[in-house]
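For reference, the structure discussed in these notes is given below.
By convention here, the first residue in the shown sequence is residue 1. Note: hydrogens, waters and symmetry copies are ignored here, and every other heavy atom, side chains too, is used.
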Amino acid sequence: MEKSKGALEAEISKLLTQWEKDFLSRGSISVKTDILRDMIIVNLRGILTPAEYKVCETKEGMLSIKRMRSDLVECGVEELKRMIATITDKEVLSFHTDISTKTGERVMVFKLDSNLEKSFTIKE
C-alpha cells in the first residue's frame, strides 16, 4: 500500500462524509477513522438533529430514531462496502453500526478479509 495509515484513515473519513451528504442529505459534524488490524472503525459525531434529540426524550421515541437511522444506513450498506473495498483493496466481510441517542454519535465497524493495518508496517 502506497498511502500512509493516517492518509488512508483521512481518505475514508472524507469518503464517508461525502456518502452521508449524498445518500442521507446531511453530514455529521466530524468523522474520525481508525484502522485496527482487520477492522476499520469510524466514529461520526453530530448526526442527530435537534428535533431527533427531542423525540429521544422518551423510550419509544429513542427506539424509533435508532430504528429509522439504522434502516437508512442499511439501505446504503452495499454501496458503503463497495467504497471501502475500492479504497482499501480488501473485501468487507461484515458491517456493524450503532447510534447513541445521548451523544448523537454513530460508530461504524467494517470487518475486512485480512489485516489492513499490517500493510503499513515498515518493511526492513
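- Atom NZ of residue Lys21 and atom CG of residue Leu16 lie 12.5 Å apart, to the nearest 0.5 angstrom.
- Between the NZ atom in Lys32 and the CD1 atom in Ile12 there is a gap of 11.0 Å [rounded to 0.5 Å].
- Each ring-ring contact (aromatic ring centres under 6.0 Å, His included) pair with one or both residues in residues 2-33, not counting sequence neighbours, appears once here: Trp19-Phe23.
- When the salt bridge (Lys or Arg N to Asp or Glu O under 4.0 Å) test is applied to Lys66, the partners found at least two apart in sequence or on another chain are Asp98.
- Judged as a ring-ring contact (aromatic ring centres under 6.0 Å, His included), not a single pair has a partner in residues 54-85 (not counting sequence neighbours).
- Taking both residues in full, the closest heavy atoms of Glu105 and Asn43 are given as OE2-ND2, 3.5 Å, listed atom of the first, atom of the second, then distance.
- Screening residues 106-116 for side chain to side chain donor-acceptor pair (under 3.5 Å) gives Asp38-Lys111, Lys90-Ser114, Thr97-Arg106 as the qualifying pairs, with residues at least two apart or on separate chains.
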Chi angles and distances behind the side-chain contact (heavy atoms from CB on, under 4.5 Å) call for Lys54, Thr49: CA-CA 9 Å; Lys54 191 73 175 159; Thr49 66; over 6 Å; no

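- When the side-chain hydrogen bond (donor to acceptor under 3.5 Å, both in side chains) test is applied to Glu11, the partners found at least two apart in sequence or on another chain are Lys3.
- Between Arg69 and Ile65, the closest side-chain pair of non-hydrogen atoms falls below 4.5 Å.
- Following chains of ILVMFWY side-chain contacts shorter than 4.5 Å, one cannot reach Ile84 starting from Leu93, and the two form parts of different hydrophobic clusters.
- In terms of the side chain to side chain contact (heavy atoms under 4.5 Å, CB included) criterion, residue partners of Tyr53 (sequence neighbours excluded) are, by chain and number, Leu48.
- Here Ile29 is tied to no hydrophobic group at all, with no ILVMFWY side chain closer than 4.5 Å.
- Clustering of Ile, Leu, Val, Met, Phe, Trp and Tyr by side-chain heavy atoms under 4.5 Å joins Val107 with Leu36, Met39, Ile41, Val109.
- Judged as a side-chain hydrogen bond (donor to acceptor under 3.5 Å, both in side chains), and not counting sequence neighbours, Glu9 has no contacts.
- Looking at Glu117 and Lys5, a side-chain N of the basic residue comes within less than 4.0 Å of a carboxylate O on the acidic one, giving a salt bridge.
- Taking the side chain to side chain contact (heavy atoms under 4.5 Å, CB included) definition, one finds that Ser13 meets it with Val31, Thr33, sequence neighbours left out.
- Between Leu112 atom CG and Ile40 atom CD1 the span is 4.5 Å, to the nearest 0.5 Å.
- The CE atom of Met62 sits 10.5 Å away from atom OG of Ser64, with the distance rounded to the nearest 0.5 Å.
- Residue pairs meeting the ring-ring contact (aromatic ring centres under 6.0 Å, His included) criterion with at least one member in residues 70-115, sequence neighbours excluded, are Phe95-Phe110.
- Residues meeting the side chain to side chain contact (heavy atoms under 4.5 Å, CB included) test with Lys102, sequence neighbours left out: Ser100.
- Between Ile47 and Glu52, the shortest heavy-atom contact is O-OE1, 4.0 Å.
- Taking CG from Leu15 and OG1 from Thr17, the interatomic distance works out to 8.5 Å, rounded to the nearest 0.5 Å.
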